[in-house]
Each structure stands twice: as C-alpha cells, then as structure tokens.
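Because only heavy atoms are used, hydrogens play no part in the values below, and waters and symmetry mates are left out as well, while side chains stay in. Chain naming here is simple, since letters A, B, ... match the order of the sequence lines and numbering starts at 1 in each.
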Number of protein chains: 2
Amino acid sequence: MLKEERKQIILNEVRIHNRVLLNDIAELVSVSVDTVRRDIKELHDERKLKKVHGGAISLGFYNHNAQEKEVYSIEKKSLIAKKAIQLLKNGQVVLFSGGTTNLELAKELPASLAITCFTPSIAIANQLLSKNNVEVILIGGKLSKDSQIAVGGTAINMLADIKADVCFLGTNSIDFEHGLTEFDWEIVEIKKAMIRASRKVVAPVISEKLNSYRRYKICNIEEVDVLITELDPEDKALLKFKDKNISIL
Amino acid sequence: MLKEERKQIILNEVRIHNRVLLNDIAELVSVSVDTVRRDIKELHDERKLKKVHGGAISLGFYNHNAQEKEVYSIEKKSLIAKKAIQLLKNGQVVLFSGGTTNLELAKELPASLAITCFTPSIAIANQLLSKNNVEVILIGGKLSKDSQIAVGGTAINMLADIKADVCFLGTNSIDFEHGLTEFDWEIVEIKKAMIRASRKVVAPVISEKLNSYRRYKICNIEEVDVLITELDPEDKALLKFKDKNISIL
DNA sequence: CAATTGTTTGCATATTATTGCATAATACTG
DNA sequence: CAGTATTATGCAATAATATGCAAACAATTG
C-alpha cells in the first residue's frame with residue numbers, strides 16, 4: 001500500500017464520516033497507528049483535514065458552526081461580499097438565503113444602492129432595514145430554530161410568486177460531484193424554492209466549504225451561475241468549476 | 001467520541017436552544033459533568049459561547065442596538081409584560097403585533113411556556129426564537145422601515161388563514177372616544193387583520209398612550225377584550241373602560 | 001551488482017492530554 | 001442564612017502523542 005493511497009483513503013473516510021479515529025484507520029489500512037498519525041499530521045499540514053486528539057475531523061465539520069465563522073472568517077466574508085456587490089444594479093430584485101456570508105453581504109451593501117430584497121432570514125432582514133434605499137420583503141413561515149430562517153410551505157408558496165433577478169444562495173457545503181448540500185431538509189426545501197424563484201443563482205462560499213458534502217442535496221453544481229469565493233478566480237481549486245460554465249469571482 | 005466532536009455537539013446545542021444545561025449535555029454525550037465543564041470552559045475561551053453558572057448560553061447572535069436603546073419606561077413595560085403573561089396557557093396560539101411593549105413581553109416569556117407565536121415583527125421573532133418551547137411563525141411581507149414589521153397584502157393574506165387564541169395588539173394611541181389609532185395606514189391595515197385573526201384582543205399599553213389619538217383608526221375601544229397598563233386596575237384613569245365591558249389588568 | 005543515500009515504517013520510551021473522582025470553595029435559592 | 005447545587009482544584013489512571021532509533025525498502029550511482 002502506497003503512502004499516498006493511504007492518505008486518500010483517510011481523506012475519504014473523513015469526507016464521508018466527518019471524523020475518523022486513529023485506531024479505526026490503522027485497522028482499516030493495516031498499518032501501525034504511528035504511521036496513520038504521521039499521515040494525518042501531513043494531511044493536517046496540507047490543510048486537508050484537522051488533526052485532533054485521537055483522530056481527525058473534516059474542516060467543513062469543524063467550520064460549520066456559526067459563531068466561529070462569525071468571529072474568525074470575517075475578512076474572507078467581507079471580501080466575498082465586496083465581490084458579490086459588484087453584481088448588483090439599481091432597481092434589481094434580489095433574494096437572500098440565510099447564513100453569515102449573506103449577512104455580511106447585507107451589511108456591506110452601499111447606501112446608494114436602490115434594490116428590492118426578499119429574504120427568509122430575520123438577521124438579514126434586520127441588516128437590510130438600515131439601508132435607506134433598500135426595500136425589504138420578509139418571507140414568512142415557521143422559523144427554524146437552527147438556522148433562524150423561515151421554512152415550510154408558507155415560505156415556499158411565497159417564493160412561488162417571485163421572480164428575482166439574482167439569488168444569493170448560501171450553502172453549507174459545495175462539492176463538484178455532489179453539488180450544493182445541507183444538513184437540514186427544511187433548509188434544502190426552501191433553498192430549492194429560492195432557486196426556482198430566481199433568474200440567476202449566485203453562490204457566495206468560503207473556500208473551506210469547497211469539497212465537502214452533507215446529507216441533503218439542494219442542487220447540482222450546474223445550477224449555479226456564479227461562484228464567489230475569497231480566493232483568486234484563477235486558483236487551482238476553482239478551475240474545474242469553469243468547465244461547467246460557471247462564472248468565478 | 002472525540003473531544004472536538006463533543007465540543008461541536010455542545011456548540012450545536014447552544015446554537016439551537018440558545019442555552020444548555022451542563023447536566024443535559026453530560027447525559028447527551030455520556031461523559032462526566034466535569035468533562036463537559038472543561039469543554040465549555042474551552043469553548044468559552046475560544047469565544048464560541050458564554051459559560052454561565054450551570055451551563056452555557058449562546059453569544060448574542062446579533063446586536064440589536066435599535067431595540068436595546070429603547071430603555072424608555074422599561075420598568076413599566078416589564079410590569080405590563082408580567083401581567084400579560086398571566087393570560088397565557090400552554091398550547092395556545094398567540095399573535096404579537098410589533099412595538100417595544102410586546103418585545104418586552106416576548107423577552108419575559110417563561111422558558112417553560114409552550115405556545116405557538118405568530119408575529120410580523122423581526123425583533124419579536126428574534127426574541128421568541130430564544131425560547132425553547134415556543135414555535136415561532138413569521139408573518140411575511142414588505143417591512144415597514146419605521147415600525148419594522150411586515151405589512152401589506154402578503155401579510156394580511158397570511159393572517160386571513162389564522163385564528164389565534166390571543167392577540168397582543170400594541171397601539172400608538174388609545175382613547176375612549178376615538179378607539180385605537182395609529183400614524184401609519186399600513187400599520188392600521190395589518191392590525192385590523194390581526195384583530196380578525198384572533199378570538200381575544202389584548203391591548204398592552206403604557207398609561208402615557210391613554211387619552212391621545214392619531215390620524216388612522218384601528219378599531220373601536222369595544223373590540224378590545226383586555227386592557228393592560230402599568231397602573232393599578234382600580235386607577236381612576238381606567239374606570240370608564242370598565243363600563244365598556246373591557247377587563248382591566 | 002554492490003554500495004550509497006534517502007525514505008518509510010514499526011517499536012520503545014518519555015512526555016503530554018484527557019478523563020473521572022474526591023474535596024474544598026463558591027454561587028444560587030428560598 | 002442555611003441548604004443545595006455548582007464550580008475549581010489536585011490527583012491518579014488511562015490514552016494518545018512525540019521522539020529517537022533501527023530495520024526494511026526503494027532509488028541512484030559507480
């Protein structure tokens with residue numbers, strides 16, 4: 001068994017289970033735990049996973065927590081927000097899903113921009129309210145305690161009456177193969193409806209969310225028109241998306 | 001179970017419920033309370049939650065400066081809130097209009113109370129979200145910039161499908177002769193719809209709002225079932241309302 | 001082919017991290 | 001202010017880690 005082969009297996013396990021135990025891997029690939037430990041250390045240095053006491057966890061899993069993102073990735077999100085704002089023109093109708101990246105986007109909207117915004121997120125609605133030239137329309141429905149956005153039939157019905165110019169679609173995970181995915185089915189339903197309600201789908205995502213996936217699928221990667229990350233558009237991690245005719249910012 | 005994994009679970013619980021008890025977590029993840037305590041201490045040091053006596057609470061997810069600054073007659077509002085809460089029973093469906101008095105009411109709802117709440121106010125929805133046993137349903141629609149509640153046809157249509165047990169109807173002014181009145185026609189429309197959507201109308205108002213009136217009328221004084229003020233129910237300012245068969249609290 | 005060099009691997013060892021328990025101190029409750 | 005619950009602290013058992021070392025292995029060179 002080649003070392004690289006082993007490392008791929010480890011990464012795969014991490015991707016599937018979001019965590020691995022050192023001992024399990026050692027048994028799985030029939031090497032000593034020391035070797036696995038060294039492999040994980042290398043993968044950690046390569047930023048492919050996070051080494052923790054007793055094993056490793058996926059970066060996506062580690063980062064999925066809202067507070068941490070809030071605190072630690074502000075600069076990245078701000079960069080993404082700035083790129084995203086360039087897509088907007090006066091008079092447009094814009095749909096915002098939830099998430100802290102979209103929240104940052106809402107925060108940074110220039111005061112001069114006159115647009116109409118729909119959102120099921122109370123946090124984003126709250127931010128948008130402070131923009132004088134922005135008309136804010138709240139998408140109603142049962143509030144998910146978890147993600148703090150309106151979900152369910154009412155929200156989906158309301159979206160059915162909308163055709164927005166742009167939808168800023170936050171997502172938990174994005175993967176070339178598995179598309180956009182989420183933890184929570186309620187959220188998936190509402191995001192599917194948001195895609196249907198928009199002419200153009202823009203996915204602002206932190207690069208850490210790339211190459212990870214969750215249980216439930218929102219859509220295929222092809223349904224995204226524009227992908228915005230904090231990385232340089234020419235970054236090698238983004239190249240394959242260009243093949244699918246997705247704009248990269 | 002990896003330590004990091006456990007920490008993620010704790011964070012997740014905090015995110016969902018806004019607070020966790022040490023003992024609950026210990027049971028949930030099957031470790032001693034000491035271990036959970038240490039985990040929470042670490043998460044606290046990492047600024048991912050706030051450690052409190054007996055457990056942890058989430059960091060305020062967004063700083064609602066606007067509402068926090070409204071400290072006008074907070075004691076009076078708190079007193080009104082306490083009286084209003086006594087009207088509520090588990091299992092009821094409750095409608096909240098906007099306003100700082102209703103916000104105070106939402107804040108002070110006891111954690112044990114299990115009710116379903118509808119509201120067009122993002123500030124109140126936000127408060128209600130932190131109550132474990134409260135289901136929150138947001139009434140969607142265009143957000144009024146000054147009152148920060150959803151107004152217009154969408155909101156009114158949504159209300160048409162509801163029959164709540166109680167409606168806490170905030171109002172700008174209340175007058176024996178002119179009834180409940182407002183500055184803003186949009187708000188009047190939505191409040192009219194709220195009255196139609198409820199079996200019982202409760203008006204929590206500070207005494208300062210008594211005996212004043214505005215341009216637009218929500219309803220006659222007779223349509224109010226219960227009037228709650230910070231005054232003693234026997235106060236002479238309230239006597240005349242009793243004649244109209246309105247309960248005074 | 002033998003010698004050399006560098007890498008990988010497993011093992012032994014010392015070090016460090018994690019956990020639960022005991023106990024004393026402190027905070028909350030009525 | 002007493003009674004209870006929660007917390008901080010030290011300690012010991014266990015598990016995981018880092019480190020050095022030697023054997024195994026591969027690639028390169030004379």
Side-chain angles (χ1 to χ4, degrees), chain A residues 1-14 16-59 61-63 65 68, chain B residues 1-60 78-79 81-82 85-86 107-113 130-133:
Chain A
M1 163 103 49
L2 271 68
K3 187 180 171 187
E4 283 303 320
E5 199 180 340
R6 217 172 41 226
K7 281 167 75 174
Q8 279 306 319
I9 291 172
I10 295 171
L11 262 182
N12 225 35
E13 287 294 307
V14 168
I16 293 166
H17 300 113
N18 283 325
R19 58 143 211 171
V20 293
L21 301 181
L22 211 80
N23 292 316
D24 292 354
I25 293 289
E27 197 179 341
L28 180 69
V29 296
S30 310
V31 290
S32 73
V33 286
D34 302 71
T35 304
V36 178
R37 186 173 292 117
R38 273 182 280 237
D39 290 341
I40 286 180
K41 182 166 166 33
E42 286 175 26
L43 289 165
H44 175 93
D45 292 343
E46 294 164 23
R47 322 259 151 146
K48 304 255 178 71
L49 46 69
K50 180 169 170 62
K51 183 167 83 72
V52 298
H53 196 94
I57 58 179
S58 88
L59 291 175
F61 183 73
Y62 189 70
N63 286 332
N65 141 359
E68 190 202 346
Chain B
M1 164 96 58
L2 293 167
K3 184 185 171 185
E4 289 298 326
E5 209 181 345
R6 214 175 43 228
K7 282 167 73 174
Q8 287 302 321
I9 291 171
I10 295 172
L11 266 181
N12 229 29
E13 287 295 308
V14 169
R15 212 157 55 95
I16 293 167
H17 301 114
N18 278 100
R19 78 189 177 106
V20 294
L21 299 181
L22 214 80
N23 291 314
D24 292 353
I25 293 288
E27 196 179 342
L28 179 69
V29 296
S30 311
V31 290
S32 73
V33 286
D34 302 72
T35 303
V36 177
R37 185 173 293 116
R38 273 182 280 237
D39 290 342
I40 286 179
K41 181 165 165 34
E42 285 176 27
L43 289 165
H44 175 94
D45 292 343
E46 294 164 24
R47 325 251 149 163
K48 292 184 187 160
L49 47 69
K50 184 167 164 58
K51 184 166 80 74
V52 296
H53 195 92
I57 56 175
S58 82
L59 301 172
S78 175
L79 188 58
K82 283 177 178 61
I85 285 164
Q86 293 172 0
K107 249 181 217 168
E108 300 205 9
L109 283 183
S112 59
L113 191 67
S130 67
K131 306 290 172 182
N132 241 335
N133 297 306

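- Relative to the side chain of A/R37, the nucleotides D/dA16, C/dT9, C/dT19 differ in distance, and D/dA16 lies closest.
- What separates CZ of B/R6 from C1' of C/dG20 is a distance of 12 Å, to the nearest Å.
- Contact annotation: A/T35 side-chain N/O to C/dT9 OP1/OP2 distance is not under 4.0 Å.
- Per the geometry, CD belonging to A/E4 stands 10 Å off P belonging to C/dT9, to the nearest Å.
- Counting non-hydrogen atoms under 4.0 angstrom, A/V36 reaches nothing in the nucleic acid.
- Put simply, A/R38 has no side-chain N or O that comes within less than 4.0 Å of OP1 or OP2 on D/dA18.
- A donor-acceptor pair under 3.5 Å is absent between the side-chain atoms of B/K3 and the main chain of A/H53, judged by distance alone.
- Computed from coordinates, the A/K3 NZ to D/dA27 C1' distance equals 16 Å when rounded to whole Å.
- Distance CG/B/L28 to CG/B/L21: 12.0 Å, rounded to 0.5 Å.
- Atoms CD1 (A/I40) and P (D/dA18) sit 11 Å apart, rounded to a whole Å.
- In this structure, the nucleotide among D/dT7, C/dC21, C/dT9 sitting nearest to the side chain of B/D34 is C/dC21.
- Using a cut-off of 4.0 Å between Lys/Arg side-chain N and Asp/Glu carboxylate O, B/K41 and B/D45 are scored as salt-bridged.
- When the P atom of C/dT15 is taken as reference, atom NE2 of A/H53 falls 17 Å away, rounded to whole Å.
- Contact annotation for B/K51: backbone-only contact, meaning every heavy-atom pair under 4.0 Å involves sugar-phosphate atoms and none involves a base.
- At a threshold of 4.0 angstrom between heavy atoms, the contacts of A/V33 with the nucleic acid are absent.
- The only member of B/K48, B/K51, B/K7, B/R47 that meets salt bridge (charged side-chain N to carboxylate O under 4.0 Å, His left out) when paired with B/E42 is B/K7.
- For A/E5 and C/dT9, the CD to P distance is 11 Å, given to the nearest whole Å.
- Between the CG atom of B/L2 and the C1' atom of D/dA15 there is a distance of 13 Å, rounded to whole Å.
- OP1 and OP2 of D/dA5 both lie 4.0 Å or more from every side-chain N or O belonging to B/N23.
- B/L22 has its CG atom 13 Å from the C1' atom of D/dA8, to the nearest Å.
- Atom CD1 in B/I85 sits 8.0 Å away from atom CG in B/L113 (nearest 0.5 Å).
- Looking at heavy-atom distances under 4.0 Å, A/D39 makes no contact with the nucleic acid at all.
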